[in-house]
Each structure stands twice: as C-alpha cells, then as structure tokens.
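Single-structure report; data block below.
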2 protein chains.
Amino acid sequence: MRIVIVGAGAAGLTLASNIRKKDKKTEIIVFTKHNEIAYAPCAIPLVLGGCIESFDDIIMHDADYYQKKNIQIHLSTKVTSVDSANKSITYDEEEKTKTLTYDKLVLATGSDIITPEFDIDDMNNIYPLTTITDGKNIQKSIENKKEIIFISNLSIGIESAYELAKKEYNVTFLEQSPNILPLFLDEEISQKLVELNKGVNFETNAHIKCITTNDSKKEIHYNDKIISADVIILPNIKVPSTTLARQAGCEIGDFAVKINEYLETSVEDIYAIGDCVEVKSHITDTQTYSPAATTAVRQAMILAENITGNKITFNPVVNTVVSQVGNYYYASSGITESFANMIGMPVVTQTMDTKQKARYYPENNNLYIKMICKCDGTIVGCQMISKCDLSSKIDVLSFVITENLKCDELVQKEFSYTPSLASIINPLIKISMEISKKIG
Amino acid sequence: MRIVIVGAGAAGLTLASNIRKKDKKTEIIVFTKHNEIAYAPCAIPLVLGGCIESFDDIIMHDADYYQKKNIQIHLSTKVTSVDSANKSITYDEEEKTKTLTYDKLVLATGSDIITPEFDIDDMNNIYPLTTITDGKNIQKSIENKKEIIFISNLSIGIESAYELAKKEYNVTFLEQSPNILPLFLDEEISQKLVELNKGVNFETNAHIKCITTNDSKKEIHYNDKIISADVIILPNIKVPSTTLARQAGCEIGDFAVKINEYLETSVEDIYAIGDCVEVKSHITDTQTYSPAATTAVRQAMILAENITGNKITFNPVVNTVVSQVGNYYYASSGITESFANMIGMPVVTQTMDTKQKARYYPENNNLYIKMICKCDGTIVGCQMISKCDLSSKIDVLSFVITENLKCDELVQKEFSYTPSLASIINPLIKISMEISKKIG
C-alpha cells in the first residue's frame, strides 16, 4: 500500500510517523513545498526572545531522520493536481512534472496567511511571522534596531511582542479589533492581561490605512495618526489552503475542506487534516475553523489509527489553548461571552480574582478566572490569567466542557489539594458555586 | 430551625459556613472537644520546615469569627450522647451536663489515631503528629536536637520528614510496609520518589518491637536492630470516631458510619460527614475509608446544599491526592496496581519517564507516570512524580477515571499546549497509547 501525504507540517509529519509506528511496510511518501520541516512554530517567539538559544534548537528532525524510518520526504516540491478517478497526483520536482499513484491520499496542505488589505510602498523591514524562515528574517533585521510594531497578530505575535520587550526593544502592538486575542479572551480579560503585564504598548481599534517609508523608518498610517518604527510585523490571519482539495473534487464547507468524523473527505480514499479542514464546534454543533497545532496533531494521531485498521472518531472541538505572554499565561477553553452574544446564545458569566495556592502560603500567585454558562448551567467557556502553570488547569476545563458538566455539578468532582499548589476548595468549584447562585 | 454539628474540623466548619452563606436565619451550633479550630492540618509540615513562619499563620479563623456570622461554637466541649427519639444531645461543659434539642444533627466527629501496638517505656520526646498542638509540641521539642525518627506515617509524616531534613536535621523514616505511601503509590514508584529525593534515610519492612529510653536518647528496637534518636514521631493511622454515631443508633458499615448518597445516616435527621464515615469507591463499587480533607470539605459543601433545599449526591470517590515531599511532588488518583492485585482485579500497567515541557525547552522537569487500566482499557489509576505542579495534572486524571474513560479514548481529548508548559502531545496521551498497544 502507498500512502501519499501532501504537507509536512504538524499534521502531515505526525501522521507519517504514527502510521510508521504501527505499520513497518506501507510505503509513505510526503510532499512539501517548503524547504524546512519538523520544527515547532509555537517556539519561534521563545527564540526571538532568547529563552531558547537558536532556531536550530526548535527543529526536531531533518528529512534524513524520516528517510531512516522509511518515510520519503520530497522537500520544495509542489503537488499541482490530483486525479481521484485514477488515484494519482502530479507534482513539479527539479523542473519536471511527475506523476505518482496512491492508495490513500492525505491532504495536510495547511493554511496561507491573508495578504493585508492596506498598501505598503516597500516591503523592506516588513515581515510576516509564521514560519521559521520568517523568524530568522526578523531576528536578523532587528539587530541594532529599537522600534518594532506588530499589527493584529494572534498568539505567536503577542508572545513575540512580549519576548522582544523583555530584550528592551520598544514594542508597539496595533490591534484592529476592540481587544487583543478576541478569539480566546473577552474584552475585560484581555484588558486585565494587558494591565498586569507591562512592556508592550497596545492600541486597539487601530484601522491601518497604509505603510510608507521615510528614510530608514517605516511609517504606519492608522486612524488619524502616524507611528514610525524600524521593523514591522504583519498580521498572521490564516486562511485554509484548499486549492488542491477543490481540484481533487473534495467538498468544501463554509470555511475549509469538509471532513467526516473519521477525517475522510467526500472523495473516496482522500483524507484531510490540519489547518486545511473545518471542524465541528462542540458547543454550537456547527462547523468552525480551528487552525491549531494541537488540533492538527490530534487529527493526525486519530487518522493514523484509522488508516491502520482502527476506527476512532475525531470529536467536535472546544478550542483549548494556553499561551505565555511576558510574565503571565492566559488560557481559554470553549466560547467567549462575546462570541455567545454574537450568535445569540444567552449566557450567565462570573469572574473571580483568587489565589492559586492556599491563601496563607507565601509566594502565591493571583488567578483570574472568567466562567461562562448557558442558562441551564452547562459550562461552555472559561478564561484564566495567572503567572502559574495554567496548562493542566485549562485541561480540566476542557474535560468539563466536553462532558457538558453543569456548574452545580463541579462541587461533586474530586480535585487534589496541597497548600503549596492548590487551595482546599478548588477555584473552579468556588466560581461555579457563584454562577449557580445567579442561575438559581 | 436548629442545626447541631458535632465536630469542628474541615467537615464541620465548612458545613457551618456554607449553610450560613445560603441561609441567614437557621440556628447553627457547633461542638468540638478541641480547643483549637479552623486551621490547616496539611500545612503543619510547612511550618515545621519553616516555609510558613508560624503556626498562627495556618489558623484561618477563631471562634469569634464564627460568632459574628451567627455560628455558635462550643470549644473544649464533649458531646456525650444522642437521643434520636427526642432529637436531643447531651454534652459536658464547664463540668456541667447539659442537653440541647436539634432539628438536624450532623456528626462530623472525625477520626482518632491508633495507639501503637509496641511498648513505649516513657513518652518523653515521643509525639503523635496530627493536630496543630502536636505540631507545636514537636517544634519545641526538636530545638537544639539533631536526630529525628518518624515511624510509618502517612502524607503529613513524609512531608514533615523531608521538611525537617531541609533544616539539616538527621531524619530517619521507619516504614512497617514494604514501601512508603502504600495507599497511593506502587512499590517501584515510591522507590523512585525516595531515590530521586535525597535527605531522608528510609527503612522499609521495619517491624517495631518497642521504644526504650537511654539517658536523653530514645531507642527504637526493630527487626534485629536498634536505632537511637532525640525525638520520635509516632504513626498516624486513622480510625473513624464512631462512638457517638453508634450510641445514636446509626448503622455502622465495615469501616465507619454508613451514609447514603445524600450523606444521611440510617437515623432520621442525623447526617454524617468527614473522617467518621465510609464512602463508596468509584472503581470497586464497594465501601472504603477515605479520611481526606478534600473528601470532608466536598461532603460538607454538598450537605450544605442538601440541608438548605437542594438535592445533590455525594458520588463515589477516586482518591485524588497530591503532596509535596522535599523537592518533588507525588500525585495519585484511582487505585494502585498492588491494590488491584490484592482484590484480584486483572490490570495492565505502563510506566513512562518523560518531560513536562516541550523537549527543546530549557529548564525542563522530568515527569514519571504510571497508568493502570482494566483489561478492557478503562483507566482505573495513575501515579506521578515530578518537580512540577502536579495538582491540576492529577485533577485531569481524576476526571478521566470518574468518567470511566478508556486509554484509547484519551487521544480524542483536547489538551492545551505551549512549549514553556507542556509538550504538543500530552504525556497522558503518550502513555495511554502505549497501554493501548499492550491491550491490543
């Protein structure tokens, strides 16, 4: 059997490795238009900030590593078409057009970054921030510079802005939305994050008109102002890369390639995973776009099981995230209150400013929580800010939301306790009981 | 309405406060034979070790605080009998015997510590370690001393042993079982904890014959050896305090006072919570004894709801614990492999030595995990050791075990990821997939 995978990001390579772990014989061939593979994009901000020494450190493997596992990788190779009737693909390599048949084809083509709508007179010292190559370019360009401006960026941009501020760059962040990280945090929570976490100058509701060049400086014209900088980082809003899927005849949904719960497209023997597909939201039961590395990897692991003979479903998503910004972490799972309002879902919310550890414990961390429930008490969202490890704390919420628990049921759940890590009544129980009172 | 609560530990006082929050009028009267209330027993090791400055810091409230909330507390007052037919109790106060009627009576009488079976010639410099008074006595007695021996202690003892070792006491721990913390950790995991975590000299399988006195030194005779010390800390094995419940006619189970899922005893209008009751195990569906502060507080919160008009069940327990010992934490939820063997439950297990964070992240922590599944893949236990915060990590497992998830279902669950806190494939997914392979 020959499995052809188009795309060598988190989705494509995790799939290749996991199929190989379960099946030593199947031929696995991966195509990528990129030259660099198997690195951790989420770690780019940490290299820019110097916490991780070099971009080489965040590259896990090279093509040879995969070759030794009998996984063929075609670098810098664009797959141009799919003939699903004859089960073959066409690709360009070394200036030749070649054809290859497949038994199973997996589209893990990822996403592209939207081209900004505003005019830019000269791309010098202006960079996107998505790939390791972008990271390297930025690292080089900011040497001996001082002023950096980020425009409306998602996690990778906010994280990088704070990391560079730690290195004493003068960092400004122009956000086109009313608040930063609007996908994950409600306005008052993102404001809290910005208030607590000094170092970056934020301007929200910034409507960029154009970027011009004045000697060695770049000038951003927005609202009725002009701000200048040495280096500008562009927005990184993702759009699914669906060209090949469309060409192959796969059904495309409202957002991206349509898949069923087994990660199959509408065309036989063609699967799709990662940033190029749309997924179902656990909370709204409607299609949504969730271009997260965790989603891509989970899909890859499940598809590896299914391709090798299991039958596991990829379940609707709750969008559980955690991110380090400056000296704080934020975390989010489920939907925000503003999203609930947008879709007309009535919700009850509660915020709480509490402590991570037993309150008498020295060196304690504040823990800010917002919880969002439907009117019947079902927990549909949670946001947190703290200096403490929020990763497993939000994982607990991820389970709570996935299991459709109601706020008054949390008191029945067992949480661990020791004074140096947690209080005897878990903050999630405390906030749930407050919400329960409102629901009555 | 008058609610009488016997016992002012975590169970009794949490109940009193939570009823008051929901009901401003009901008369609430609490009796305790002790003189000190509302402190955190779990923090005693941290005061002994000096991380928390004084025993005063771990006392939350005094009787006045409760008085102001219109909760009457009778300190140093023993309730001697219950007349359930006439709904009254008898108690001794200021050398007088008094009677008081109740509408609802809650027995939160806690537990007593088993008297050691071995002979002790002189109790000088020998202490139990359960109450804040014990803590104060120990703190005073070890001044200017050097050698301390703990005998077969549970979490509070192990934690204290390591805390005192940090202060350069010479600390030995004699454990009568084949491994320390046998309720929570399997032998190889507790051995790992001891290996990693220097500072305390452990001897397992230590069968104590007697303790004698030689000048100012105490000598413990065990197996064929004698070991001497300045101060000895006795075992703190708890037995439920059921005298009053028996006397009131409440049904007693195999271990302690029997209650139903609403925390009602067999006698009308008498409830029981905390260390004096037995609970059901989620995993074995049989009765068990779980004298944990978290269980007591959860029962108190649920009973407060039920007494004020709700109807919430106290669900079977999975025994989720976390504890700091020296520079490490251990955590456990569900049953151990050795317990499974003891009750004849066939299980499949897996251990994993992995990292907390993305593997390229500097300052990473090792994370040791053992997972225990039934032969159908249902996860029934998990143990962890690490220097990192294990509290929420084991809380995730607590949910996993409570929801009867199977190991191959964990790959479907959403975990958060950021390189400085977690790896992209959560260790729980990694270990689950390893177990799945064994189950096939």
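To find a chain, count down the sequence lines: A is the first, B the second, and so on, and within it residues start at 1.
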Does any backbone or side-chain atom of [X] lie under 4.5 Å from a heavy atom of chain B? Answer side chain, backbone, both or neither.
X       : answer
S420(A) : both
V297(A) : side chain
C388(A) : neither
D389(A) : both
L428(A) : neither
L390(A) : backbone
M433(A) : side chain
Q356(A) : side chain
E409(A) : neither
T313(A) : both
N310(A) : neither

Heavy-atom cut-off 4.5 Å, strictly under: side chain, backbone, both or neither for I59(B) against chain A? neither
Which atoms of T402(B) are under 4.5 Å from chain A, going by heavy atoms: the side chain, the backbone, both sets, or neither? side chain
Would you say the side-chain atoms of T320(A) pair up with the backbone N or O of S416(B), donor to acceptor, closer than 3.5 Å? no
Nearest heavy atoms of [X] and [Y], plus distance in Å:
X       : Y       : value
T294(B) : F415(A) : CG2-O, 3.6 Å
I302(B) : V411(A) : CD1-O, 4.0 Å
S392(B) : V396(A) : O-CG2, 3.8 Å
I424(B) : A293(A) : CD1-CB, 3.6 Å
V318(B) : E414(A) : N-OE2, 2.6 Å
K413(A) : R298(B) : O-CD, 3.4 Å

Taking every heavy-atom pair that is under 4.5 Å apart, which of [options] has the most such pairs with chain A?
options                          : answer
P45(B), A292(B), C51(B), S436(B) : C51(B)
V317(B), D395(B), I58(B)         : D395(B)
N319(B), I429(B), D408(B)        : N319(B)

Output the option from [options] having the highest count of non-hydrogen pairs under 4.5 Å with chain B.
options                   : result
E159(A), H61(A), K437(A)  : H61(A)
A422(A), S323(A), A43(A)  : A43(A)
N315(A), I394(A), N426(A) : N315(A)
C42(A), A10(A), A358(A)   : C42(A)

Tell me whether [X] at atom [atom1] has more than 12 heavy atoms from other residues, nucleotides or ligands lying less than 6.0 Å away.
X       : atom1 : result
K355(A) : NZ    : yes
K280(A) : NZ    : no
E53(B)  : CD    : no

Atom pair [atom1] ([X]) and [atom2] ([Y]), whose distance is rounded to the nearest 0.5 Å:
X       : Y       : atom1 : atom2 : result
Q299(A) : Q412(B) : CD    : CD    : 12.5 Å
Y417(A) : T295(B) : OH    : OG1   : 13.0 Å
D56(A)  : Y360(B) : CG    : OH    : 14.0 Å

Side chains of Q324(B) and L421(A): does their closest heavy-atom pair fall under 4.5 Å? no
